[in-house]
Amino acid sequence: MNILITSEAAGIAGSTYSVSYLAGGLARRGHRVWVACPQDTLLWRLIEETPAQAIHVTFANKLHRKSIREIASIVREHSIEIINAQASKDRYITILAKALYKLPAKLIHTRRQMAKSLGMFGQSIFYQKGTNAIVAVSFGVKCSLQKLGISEQHIRVIYNGTPPQKYTNLSDAATSVLREKYQIGAQDMVIGCVARLKEQAQLLGALRYVDCPVHLVLVGIEETPELAAIRDQWEAPHQVHYAGSVNIQEVLHHYPLFTLKVLPSTIEGLSQSLLEAMALGVPVIATQMGGNSELIREGVNGLLFENGDEQQLAHCINQLLDTPELRESFAEAGRRTALEDFSLDRMLDQYEILFQELHQPKSG
């Protein structure tokens with residue numbers, strides 16, 4: 001098939017990597033895949049490393065006439081059969097391009113985060129009538145879309161997948177450099193959090209109730225006044241390190257430092273950072289919201305806590321810090337979950353099935 005994937009959200013985020021895995025994976029399976037995204041972005045660079053082809057489109061706003069024309073031109077020039085829009089502005093633009101230029105391609109939107117709003121009144125009708133299907137990356141995302149007026153029959157759940165080759169050939173030396181940077185000893189307990197700015201304040205607050213001294217390594221953010229103020233409120237002997245925004249290889253080399261990983265987030269559709277931790281054998285704790293509770297089976301491969309309940313989060317942390325056997329059990333179960341149940345091949349199979357169904361609907 002000739003497939004066009006679009007995404008205006010092309011910066012450093014788990015969703016950017018998920019889009020690149022989808023585009024590259026479909027292209028390696030023999031499909032002709034183009035990715036419309038802004039140039040000089042992380043997604044552009046990732047696509048250049050795959051058999052897919054990147055095409056520069058700016059997606060300046062939801063009604064950007066130039067982008068609408070460019071999408072229509074790409075579809076016609078490359079005989080595109082499937083359009084898969086991945087982000088907010090391009091979801092809107094692809095609907096308008098398909099309608100205004102009477103494009104024959106089938107249009108699928110992918111929703112990667114919990115849907116809080118679809119925009120103005122009537123937007124649910126706009127999105128449902130304007131697309132042939134909507135992919136939700138978890139049942140949590142699907143339910144959030146249904147609450148906003150999208151019919152159940154219009155939504156297909158396809159979980160994110162993670163490529164196994166991503167976790168090969170990691171460098172012990174690179175991790176050792178990080179260990180020296182943060183002055184983390186071989187026996188020290190380390191809590192990791194890999195995420196853009198989300199609910200890290202809850203994690204810092206929970207450390208007030210954690211007795212064992214720990215290093216907290218926050219990858220993906222810089223310190224904010226709010227986080228600094230929370231840190232100043234407790235006298236516990238913990239050390240907090242902010243790694244800031246780093247590339248994926250440096251992110252992956254952080255995981256061997258972690259005794260456990262915490263993801264405090266209320267918007268996750270299905271977190272790539274949780275998949276990374278589990279694939280690398282790091283026990284996980286996450287907010288019981290969205291796709292987190294589909295990826296984590298409580299007490300089997302991780303622990304869940306209620307949003308805002310810092311004492312419950314601290315209890316989960318203490319439980320893992322105090323119980324090496326539980327950490328080992330979660331690590332093994334987590335590897336199976338990430339590399340088998342949420343494999344990239346499974347994700348690609350399900351996208352191919354959906355695209356084929358729409359491209360060649362069953363007769364009768």
Donor-acceptor side-chain pairing of Tyr21 and Gln272 below 3.5 angstrom: no

- Query: Any Lys/Arg nitrogen of Arg156 or Glu357 sitting under 4.0 Å from an Asp/Glu carboxylate oxygen of the other?
  - Reply: yes

Margin query: Checking side-chain polar atoms at under 3.5 Å, does Asn160 have a donor or acceptor matched by the opposite partner on Arg112?
Written below: yes

Please check if any side-chain donor atom of Thr337 sits under 3.5 Å from a side-chain acceptor atom of Asn301, or the reverse.
yes

Distance col, row Leu280:CG vs Lys166:NZ, nearest 0.5 angstrom, shows 9.0 Å

Interatomic distance, CD1@Ile93 vs CG@Leu100, rounded to 0.5 Å, equals 11.5 Å

Which of Thr94, Thr6, Ile68 passes side-chain contact (heavy atoms from CB on, under 4.5 Å) with Phe59? It is Thr6

Count the heavy atoms of every other residue, nucleotide or ligand shown that sit under 6.0 Å from NE2 of His241, and state whether that count exceeds 12. yes

Say whether, by atom type as modelled, one donor and one acceptor occur between the side chain of Gln200 and the main chain of Leu227 under 3.5 angstrom.
no

Requested in this report: Answer whether the closest heavy-atom distance between the side chains of Ile248 and Glu276 falls below 4.5 Å.
Outcome: yes

dist Asn84:CG -> Thr131:OG1 (nearest 0.5 Å) comes out at 11.0 Å

| query | With a 3.5 Å cut-off and no angle check, do the side chains of Lys261 and Ser273 form a donor-acceptor pair? | reply | yes

Check: Quick one: are Tyr127 and Leu145 in side-chain contact, heavy atoms under 4.5 Å?
Finding: no

For His254 and Val219, the nearest pair of non-hydrogen atoms, with its separation, is CD2-CG2, 3.6 Å

So that I can tick it off, tell me whether Glu310 and Arg208 are bridged by a salt bridge, with the cut-off set at under 4.0 angstrom between side-chain N and carboxylate O. yes

- Message: Quiz question: by atom type and distance under 3.5 Å, do the side chains of Gln183 and Asp188 form a donor-acceptor pair?
- Response: no

Under a 3.5 Å threshold, yes or no: a donor from one side chain and an acceptor from the other, between Gln128 and Ser151? yes

Taking 4.0 angstrom as the limit, do Arg179 and Asp172 come out as a salt bridge? no

Indicate if Ile108 and Val19 have the same hydrophobic cluster label, given that clusters are the connected sets of ILVMFWY residues with side-chain heavy-atom separations under 4.5 angstrom. yes

The test is side chain to side chain contact (heavy atoms under 4.5 Å, CB included); show your working for His31 and Phe355 and say whether it passes.
CA-CA 11 Å; His31 302 286; Phe355 290 172; over 6 Å; no

| Ion pair present between Glu332 and Arg335, side-chain N to carboxylate O less than 4.0 angstrom? | yes

Here the gap from Met289 atom CE to Ser265 atom OG, rounded to the nearest 0.5 Å, amounts to 8.5 Å

Looking at Gln39, I want to see if its CD is surrounded by more than 12 non-hydrogen atoms of other residues, nucleotides or ligands under 6.0 Å. yes

Problem set entry | salt_bridge(Arg346, Glu340) N-O dist < 4.0 Å | no

Taken to the nearest 0.5 Å, the spacing of Cys212 SG from His238 NE2 works out to 8.0 Å

To the nearest 0.5 Å, atom CG of Leu344 lies from atom CG of Leu339 at 11.0 Å

